[in-house]
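Here's the structure, in structure tokens; my notes come after.
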Amino acid sequence: MLQKVYDWIDERVDITPIWRDIADHEVPEHVNPAHHFSAFVYCFGGLTFFVLVIQILSGMFLTMYYVADIENAWRSVYYLQTEVAHGQIVRGMHHWGASVLIVMLLLHTMRVFFQGAYKKPRELNWMVGVLIFFIILGLGFTGYLLPWDNKAYFATQVGLDIAEQVPFIGEHLKTLLAGDPNIIGAATLARFFAIHVFFLPAALFALLAVHFILIRRQGIAGPL
Amino acid sequence: MNEKKQQVSRRQFLNYTLTGVGGFMAAGVLVPMLRFAVDPVLQPSSKGDFVNVGLAVEDITSEPQRIEWQVVQEDAWNKSEVTKVAWVFRNDDGEIIAHSPICKHLGCFVTWEGSEDYPNEYFCPCHDGRYYKDGTNVPNTPPMAPLDEYEQRIENGMLYLGDPKPRGEA
């Protein structure tokens, strides 16, 4: 059945070559843990992506109940976590996944750094990777405010004060992020939500596409 | 290789194993999320309690009168008081009838004698839908069904109303 559906599409648009380009490629011996167990360090990039997929999925489902509004944010989170079936699991995946994602991202970055895999001709991909790193930190920062509890509020207070320390543009940067020069409130929550679910993910997807296309074009760095 | 023994090749074995393990992991991630999303569909439909609407049975006349009462509505994390409306009267057989004001055409609110042109009828201002006093829709006006009737109960001489129920085709 599945084969027939595939053949039907393939006959018309010839997707097999596309599929082959994406999925069918040799894994060099030095990155295959079956040959050298220490090659498991090459898994961290893939694991980062795997956790990211979980973050995207669980985040999409959370927005079915979450409301980014100072009156309702905390109550909607409390409701989805205590009243909705599996709410604790779905929110838990997003909460813990956020930390695991940053751990994996760091491990992946350290592997590339200590193996010198960022060297020519892969500097561009390293730079894209650093941008992805910052975007994921931004996702962590903006997502932290959304439950709108005390920890979220004061963590954002601290974060915005740090942003304010930037020379020359600090105050403007803080206002741009918070939506108000002094208040962390309605405007801040709405903005952080918009940044968290629209702006940063859009930038992240674009950069991830570049990251993956580059690694496929340049191939993985050779053995040490 | 023995034809009858149909050995599983190394490649097949790995394919099956990886698909199985991968499918199990994907299901572990997706099932809680899907159950989370469909939760409202699986909630038992709440049976409305009968509410004292503040109308004594002896005050019910043969003329439909508009009554309002408040019920507490629980909407996810939001609790609020909502106003409900009914048109209550005694019909010619002496039975108490409580009509829902929701028009069966597109859901506007009907009013008893809401139009000077149609006395002794319910009238809906949205598309000139009309109903006779017993709630039956006037033929050749937009509504396709009679007005819903509230379930009712009388306790200590007071009228209690429940959920509106469709009366079926007239």
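Just the heavy atoms: all of them, side chains too, but no hydrogens, waters or symmetry mates, feed the values below. Numbers restart at 1 for each chain; the letters A, B, ... are given by sequence-line order, proteins then strands.
- Contact of A:F61 with chain B is made through backbone and side chain together, with heavy-atom distances under 4.5 Å.
- With rounding to the nearest 0.5 Å, the separation of CD1 in A:I135 from CD1 in A:I195 is 12.0 Å.
- Proximity to chain B (any heavy atom under 4.5 Å) is shown, for A:Y78, by neither the backbone nor the side chain.
- Residue contact with chain B, scored on non-hydrogen atoms closer than 4.5 Å, involves the backbone and the side chain of A:V84 alike.
- Across A:N72, A:I54, A:I89, the residue that shares the most heavy-atom pairs under 4.5 angstrom with chain B is A:N72.
- Relative to the ring axis of B:Y160, B:R153 does not place its NZ or CZ within 45° and under 6.0 Å from the centre.
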For this session: Run the numbers on A:H196 and A:L139 for side chain to side chain contact (heavy atoms under 4.5 Å, CB included), then give the verdict.
Result: CA-CA 6 Å; A:H196 187 77; A:L139 282 163; 3.9 Å; yes
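- Within the 4.5 angstrom heavy-atom criterion, no atom of B:L42 approaches chain A.
- Using bins of under 30°, 30° to 60° and over 60° for the plane-to-plane angle, the ring pair A:H108/A:H211 lands in the perpendicular bin.
- Note on ring orientation: taking the six-membered ring where Trp is involved, the planes of A:F49 and A:F212 are perpendicular (angle over 60°, cut-offs 30° and 60°).
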